[in-house]
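Accompanying notes for the structure given below.
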Amino acid sequence: MAATDLERFSNEEKRNLSLGGHVGFDSLPDQLVSKSVTQGFSFNILCVGETGIGKSTLMNTLFNTTFETEEASHYESVVRLRPRTYDLQESNVHLKLTIVDAVGFGDQINKDESYRPIVEYIDTQFENYLQEELKIRRSLFNYHDTRIHVCLYFITPTGHSLKSLDLVTMKKLDSKVNIIPIIAKADTISKSELHKFKIKIMSELVSNGVQIYQFPTDDEAVAEINSVMNAHLPFAVVGSTEEVKVGNKLVRARQYPWGVVQVENESHCDFVKLREMLIRVNMEDLREQTHTRHYELYRRCKLEEMGFKDTDPDSQPFSLQETYETKRKEFLGELQRKEEEMRQMFVNKVKETEAELKEKERELHEKFEHLKRIHQEEKRKVEEKRRELEEEMNAFNRRKVAVETLQSQSLQATSQQPLKKDKDKKN
Ligand code: GTP
Ligand code: MG
């Protein structure tokens, strides 16, 4: 088909036709549902909140089960992310649920870097997905998607305001994950204080430009409930796995000397609202937002960083092949430049070392000459001393011989004198 024919064909208006009878493609949605059910779903929750704020209890309460958990100590030197994955089943729907705990959050003396491991964890999950997408042989169909779909941010029920750590962390996370802020242990704060606390939190989030997840209002079926629930944020929740008898029913509650706080009683706390919004109404939207908004942003930034773009400076579509070739050339050029730089560096280093060695040799030679001179000087001095000593010894010996001669002469003289006297006497 010629190019012009192709253009005309694609520009042609689509015509509506009516069918003569039932064909069967109206079962497409059912086919989709059945396929999804067979495939199963994955949902990943990140819990951020200080140690002992009630994260594990809330997870157990939300999913009405007991997840394995161990208490964190308050002495972690850095924040550590601990993911645990569980297979859950409700009716015939399988859910691969991953709960990620930010262990040690808020326990360090210096909290400046507390958000970093969390951001890095989220980015790593995006990166893993991107790498799978970029593979030649992709297996996204059975890929275990670990991207975080929602971050439940546990706010301490101080009744005052958010801590700077909360604001900084949420600000760093808001472009990467859907944040649902919740006031934890809401049974420790009175009703009127809670109302003021919620308003304060929301105004602080707005004034600091923190974007939290808004339940979607574009789908008519859930628009009303979602817009009502948006006004209730942040949810004030109570968690408990303990069952208490109220009337003649066993309910999950926290029992105090003065009364019982029922987890699923909407006049006691917002637990039911959270469960409805998170699991029953918006789980799919959270998954979708993660893919279409947060992951898309990560992917775009990453690909742009790698040099890929959709249009060139003249707004012409940019082909992947061209980008690849340009990048390859750039890379090879850079590699050559680096190689040359390294070769030059090596040559310089060798020259430097050679010069250093020569200098060392010269110094050694000088030292040797110096020592040689000293040695010769000393040798000369010793020689002189020896000569002097020899002369002295000779002089001494001469004197000694002279003295000995004199002594023997005088001895002879004295021995001859008495004989002479005797002779004289006889005569
Ligand atoms: P780490 O994992 O060690 O950081 O703790 P966590 O945040 O998982 O807290 P966890 O669920 O272990 O709860 C800590 C303590 O708080 C336990 O004694 C819980 O019974 C209690 N707790 C949990 N939820 C609530 C709540 O809603 N209200 C009150 N008053 N106490 C709660
Ligand atoms: Mg825990």
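Computation of the quantities below employed the complete heavy-atom set of this structure, encompassing side-chain atoms and omitting hydrogens, waters and symmetry-equivalent molecules. Atoms within each ligand, like the ligands themselves, are counted from 1 in listed order.
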Return the residue, atom name and 0.1 Å-rounded distance of the protein heavy atom closest to [atom].
atom: atom 21 (C) of ligand 1; value: Arg254 NH2, 3.8 Å
atom: atom 3 (O) of ligand 1; value: Ala72 N, 2.8 Å
atom: atom 6 (P) of ligand 1; value: Lys55 N, 3.4 Å
atom: atom 9 (O) of ligand 1; value: Gly54 N, 3.1 Å
atom: atom 10 (P) of ligand 1; value: Thr57 OG1, 3.5 Å

### Query
Would the Phe141 and Tyr143 ring centres measure less than 6.0 Å apart?
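No: the rings miss the under 6.0 Å criterion.
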### Query
Taking all non-hydrogen atoms of both residues, which atom of Val79 and which atom of Gln108 are closest, and how far apart?
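Residues Val79 and Gln108, closest heavy atoms: CG2-OE1, 3.7 Å.
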### Query
Is the NZ or CZ atom of Lys172 positioned over Tyr115's six-membered ring, under 6.0 angstrom from the centre and within 45° of the axis?
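Yes, cation above the ring, under 6.0 Å and within 45°.
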Is there any N or O on [X] that sits under 3.5 Å from an N or O of ligand 1?
X: Ile53; answer: yes
X: Gly239; answer: yes
X: Gly52; answer: yes

### Task
Give a yes or no answer on whether the side chain of Thr158 reaches the backbone of His160 with a donor-acceptor pair at less than 3.5 Å.
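Yes, Thr158 side chain to His160 backbone: donor-acceptor pair under 3.5 Å.
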### Query
Which one holds for Tyr256 and ligand 1: side chain close, backbone close, both close, or neither close, with close meaning a heavy atom under 4.0 Å?
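The part of Tyr256 near ligand 1 is the side chain, not the backbone.
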### Query
Taking non-hydrogen atoms only, is Asp187 closer than 4.0 angstrom to ligand 1 via side chain, backbone, both or neither?
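Asp187 to ligand 1: side-chain contact only, backbone stays beyond 4.0 Å.
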If only side-chain N and O atoms count, and only distance matters, is there a donor-acceptor pair under 3.5 Å linking [Y] with [X]?
X: Thr85; Y: Thr98; result: yes
X: His294; Y: Arg147; result: no
X: Tyr295; Y: Glu133; result: yes
X: Asn230; Y: Tyr213; result: no

### Task
Show your reasoning for whether side chain to side chain donor-acceptor pair (under 3.5 Å) applies to Tyr86 and Arg84.
CA-CA 7 Å; Tyr86 309 88; Arg84 290 216 167 118; 4.9 Å; no
### Query
With atoms numbered from 1 as shown, which atoms in ligand 1 lie under 4.0 angstrom from a non-hydrogen atom of Thr51?
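Answer, ordered by atom number: 3 (O), 4 (O).
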#### Entry: Interfacing atoms of ligand 1 (cut-off 4.0 Å, heavy-atom, Ser56)
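In order of number, 2 (O), 6 (P), 8 (O), 11 (O).
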### Query
Near Phe368 CZ, under 6.0 Å, is it more than 12 heavy atoms from other residues, nucleotides or ligands?
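No, CZ of Phe368 has 12 or fewer neighbouring heavy atoms, counting only those of other groups under 6.0 Å.
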### Message
In the complex you have, is atom 18 (O) of ligand 1 within reach of the protein, judged by whether a heavy-atom distance drops under 4.0 Å?
### Response
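Given the 4.0 Å limit, the answer for atom 18 (O) of ligand 1 is no, no protein heavy atom qualifies.
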### Task
Using non-hydrogen atoms of the residue, decide whether Asp101 is closer than 4.0 angstrom to ligand 1.
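For ligand 1, residue contact (heavy atoms, under 4.0 Å) with Asp101 is absent.
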### Message
Heavy atom to atom 26 (C) of ligand 1, shortest distance: which of Lys185, Met59, Arg82 holds it?
### Response
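Considering heavy atoms of Lys185, Met59, Arg82, the nearest to atom 26 (C) of ligand 1 sits in Lys185.
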### Query
Any N/O/S atom of Thr57 sitting less than 2.8 Å from the Mg ion (ligand 2), backbone or side chain?
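False for Thr57.
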